[in-house]
Amino acid sequence: MGGTTAKICLIDDCTLPLSRTFEVDRAHRFMKGSGMPIKIPVVDMVEIGAGGGSLASVDELGRVSVGPESAGAEPGPACYGRGGGAAAVTDANLMLGRLDADGFAGGRIPLNTKAAQQAIQTEIGDALKTDAIGGAQAVIEIVDENMASAARVHAVEKGLDVTERTLIAFGGGAPLHAIAVARKLGIDRIIIPRDAGVGSAVGFLLAPVAFEVVRSRFTLLEHLEPEAINALFEEMEEEASATVRLGASEASVSTVRHAFIRYAGQGHEIKIQLPDLPLTADDRKTIAETFDKAYRNQYGQGIPGVPLEILTWSLTASAPVSEDIRAQVEHPSAKPQQSIGQRMVWMPGNDHPTECSVVTRQAISTAHPVAGPAVITEDQTTLVAPAGWTLSANPYG
C-alpha cells in the first residue's frame, strides 16, 4: 500500500544469507553484539525502523530521527485520520506527492493531506525553520540513509561488496525508497516482486518445506573420524527427512550438510558446506581449503598454522519448490498501455517537483518498459522511479 513496512534484501546469485544467530533489541543501533542473541536458523537480517508508521522527530541539536517508535496501524500516521497526530513516514511520502491520497490501498483508505501537512509542519518543519515540504524531505532522507547505512554495516560484517548485489524491495513501503537506497549503495539493479506488499506471506506459502537438524560434536579437523561423523549424519538425515515428509509426503527430499568451524580458541564459527557424499579422510584438505576461502572472504586474511576446530554439524532436508504455484505466466498485449495520468512528485535528490507519468504495474512488461521519471502504482504499494531508471517486467510479473 505504500504505508506498511519497508524491507530490503541484498542477494548474490539468487541466494539468501542465512545465519544460526539472530540479535534482537540491540542497545546500539547496527552494532553487532549489543543485542540479545537467539540461536535459531534465520534469514540474516538487520532491523531498521523505517516503516510507513515510523515516527519522526527533531532533538535539541536539530537532528532529525525516524523510528523505532511507530504509530502502527491504529491510530496510524496522521494522514489516516484515525486520531494520530505525530509525523510518520507515510505523511512525508504523501506530502512529496509519492502517494495518491484518493488511490491509497486501491482507494479503500483515503488519505488526509492537510492532516499530514500539519503533522510534518508541527513536528519537523517548525523545528528546522522550514515548510512542510522541507520537513518531509528531511524525514525521507533520514529514512533512506538509515536503510543504506544498515546495509553497509551488515555487508562489512560479512565481508561483502554491496555494489555487487541486487536489491530486492518488498513490503508496502520499500518500493517508495528502493531506488534512493540503491543509489546511495552504488547498486544498479533492483527487483520488486509481484505482490510485494504481502511479500512475507507469499514467501511463506511458496517456500519449500524444510527442516534442519543440528548436532554438537567437537573435534579438531586433523583428528576427524569420518566413520563416526557419517553415522551421525545418517541419524540426522533420518530425522530431518521424516519431518519434511509430514508436510510433503510425495515430494523427493534433498539434503545439504554443513559444519561450523573456527580457528582453535576463537569464539565464533563459520558455516561451511560439506561434500554431498560420505566423508573420507581425504576430505580434510577440502574442508580446510573451503574454510580458509570463506574466512578470507569475511575477514580479509587467514591465520596460518592454527588448528581448525569443528563444534557443530547440521543437515537440512527440503522438498522442492512447486514451480506450478510460482509461475503464473503473463501474456502482455501487443500494444503498449498509456499512463493513467500525470503527477508532480518530489523525486529523490531533487530540490524541486518533477512531472511524472503515473503507470499501473500491469502496464509494464518486457515488451513495454517504462522510463523514469514515473510513479508505478498498485493496490499494495507504490514504486518511485527517478529519471535515468528503466523498469520492465519478466514473464512472471
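Everything quoted here is computed from the prediction, not taken from an experiment. By convention here, the first residue in the shown sequence is residue 1.
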Heavy-atom closest contact (Ala182 atom, Trp389 atom, distance): CB-CH2, 4.3 Å

Taking Arg98 for its side chain and Trp346 for its backbone only, find out whether a donor-acceptor pair lies under 3.5 Å. yes

Side chain of Asp195, backbone of Val198: donor and acceptor closer than 3.5 Å? no

Rounded to the nearest 0.5 Å, the OH atom of Tyr295 sits from the CD atom of Glu269 at a distance of 11.5 Å

Is it true that Leu232 and Phe211 fall in one hydrophobic cluster, defined by side-chain heavy atoms closer than 4.5 Å? yes

Chi angles and distances behind the side chain to side chain contact (heavy atoms under 4.5 Å, CB included) call for Ile229, Leu224: CA-CA 8 Å; Ile229 300 303; Leu224 175 67; 3.5 Å; yes

Provide the closest heavy-atom pair for Asp91 versus Ala116 in the form atom of the first, atom of the second, distance. OD1-CB, 3.7 Å

Between atom CD of Gln273 and atom OG of Ser314, what is the distance when rounded to the nearest 0.5 Å? 9.5 Å

Point-to-point distance, once rounded to the nearest 0.5 Å, from CD of Gln137 to CG of Asp131: 8.0 Å

Does Glu289, at its CD atom, have more than 12 non-hydrogen atoms belonging to other residues, nucleotides or ligands within less than 6.0 Å? yes

Are Val181 and Leu96 co-members of a hydrophobic cluster defined by side-chain heavy atoms under 4.5 Å apart? yes

First locate atom OG1 of Thr316, then atom CD of Glu212, and finally report the distance between them rounded to the nearest 0.5 Å. 4.0 Å

Between Leu220 and Leu308, is the side chain to side chain contact (heavy atoms under 4.5 Å, CB included) condition met? List the steps. CA-CA 6 Å; Leu220 290 174; Leu308 299 183; over 6 Å; no

With side chain to side chain contact (heavy atoms under 4.5 Å, CB included) as the criterion, how do Phe233 and Arg257 come out once you've worked through the C-alpha distance, each side chain's angles and the decisive distance to 0.1 Å? CA-CA 8 Å; Phe233 273 125; Arg257 303 184 298 173; 3.5 Å; yes

Look only at the side chain of Thr219 and the backbone of Leu221, and say whether a donor-acceptor pair between them is shorter than 3.5 Å. no

Side chain to side chain contact (heavy atoms under 4.5 Å, CB included) for Ile270 and Ile272? Distances and angles first, verdict last. CA-CA 6 Å; Ile270 293 180; Ile272 301 299; 3.8 Å; yes

Any donor-acceptor N or O pair under 3.5 Å, side chains Thr366, Ser392: no

For the pair Phe104 and Tyr80, name the ring-plane relationship: parallel under 30°, tilted 30 to 60°, perpendicular over 60°. tilted

Between Ile133 and Val139, is there a shared hydrophobic cluster once you connect ILVMFWY residues whose side-chain heavy atoms come closer than 4.5 Å? yes

Given the rule in the salt bridge (charged side-chain N to carboxylate O under 4.0 Å, His left out) test, do Arg194 and Glu378 qualify, once you have shown the distances and angles that lead to the verdict? CA-CA 10 Å; Arg194 192 171 54 185; Glu378 55 183 302; over 6 Å; no

After noting the C-alpha distance and the side-chain angles of Lys184 and Glu145, does the key distance pass the salt bridge (charged side-chain N to carboxylate O under 4.0 Å, His left out) rule? CA-CA 8 Å; Lys184 289 177 178 292; Glu145 186 57 42; 3.2 Å; yes

Say whether, by atom type as modelled, one donor and one acceptor occur between the side chain of Arg217 and the main chain of Leu311 under 3.5 angstrom. no

Do Asp379 and Arg108 have side-chain heavy atoms sitting under 4.5 Å apart? yes

Ser65 and Ser57: side-chain hydrogen bond (donor to acceptor under 3.5 Å, both in side chains), yes or no, with the steps? CA-CA 6 Å; Ser65 62; Ser57 60; 3.2 Å; yes

All heavy atoms of Ala136 vs all of Met95, minimum pair found to be CB-CB, 3.9 Å

Heavy-atom check, side chain of Ser254 versus side chain of Pro320, under 4.5 Å: no

Would you check if Leu205 and Val202 make a side-chain contact, meaning some heavy-atom pair closer than 4.5 Å? no

For the side chain of Asn93 and the backbone of Leu99, is there at least one donor-acceptor N/O pair under 3.5 Å apart? no

Could you verify whether a donor N or O on one side chain and an acceptor N or O on the other, from Gln121 and Asp126, lie under 3.5 Å apart? yes

As an exercise, state the distance from NE2 of His223 to CD1 of Ile310, rounded to the nearest 0.5 Å. 12.0 Å

Considering residues, nucleotides and ligands other than Glu225, do more than 12 of their heavy atoms fall under 6.0 Å from its CD? no

Side chain of Asn230, backbone of Pro278: donor and acceptor closer than 3.5 Å? no

Taking all non-hydrogen atoms of both residues into account, name the closest pair between Ala251 and Ala319 and its distance. CB-CB, 3.9 Å

Are Leu111 and Ile109 packed together at the side-chain level, in the sense that at least one heavy-atom pair is separated by less than 4.5 angstrom? yes

Would you indicate whether Glu309, at its atom CD, is surrounded by more than 12 heavy atoms from other residues, nucleotides or ligands within a distance under 6.0 Å? yes

Are Met344 and Val358 linked, directly or through intermediate hydrophobic residues, by side-chain heavy-atom contacts shorter than 4.5 Å (ILVMFWY only)? no

Decide, yes or no, whether a salt bridge links Glu222 with Arg284 under the criterion of side-chain N to carboxylate O below 4.0 Å. no

Answer yes or no: is there a donor N or O on one side and an acceptor on the other, between the side chain of Asp144 and the main chain of Glu141, under 3.5 Å? no

Would you find a donor on one side and an acceptor on the other, under 3.5 Å apart, between the side chain of Arg262 and the backbone of Gln266? yes

Might you point out which heavy atoms bring Ile120 and Gly135 nearest each other, and give the distance in Å? CG2-C, 3.9 Å

Greater than 12 external heavy atoms within 6.0 Å of Phe204's CZ: no

Applying the 4.5 Å side-chain criterion to the ILVMFWY set and letting contacts propagate, would Ile140 and Val66 be lumped into a single cluster? yes

Measuring only between side-chain heavy atoms, which start at C-beta, is Ile190 closer than 4.5 Å to Thr166? no

Look up atom CG in Asp102 and atom CG in Asp100, then write down how far apart they are to the nearest 0.5 Å. 5.5 Å

So which atom in Gly172 and which in Thr381 form the shortest heavy-atom distance, rounded to 0.1 Å? O-OG1, 2.6 Å

Is a donor on one side and an acceptor on the other found under 3.5 Å between the side chain of Thr243 and the backbone of Glu239? yes

Looking only at atom types and distance, does a side-chain atom of Thr354 sit under 3.5 Å from a main-chain N or O of Met347, one as donor and one as acceptor? no

Between Pro386 and Ile179, is there a side-chain heavy-atom distance shorter than 4.5 Å? yes

Less than 4.5 Å apart, side chain to side chain, heavy atoms only: is that true for Ile192 and Arg361? yes

Does a side-chain heavy-atom distance below 4.5 Å link Thr113 with Leu94? yes

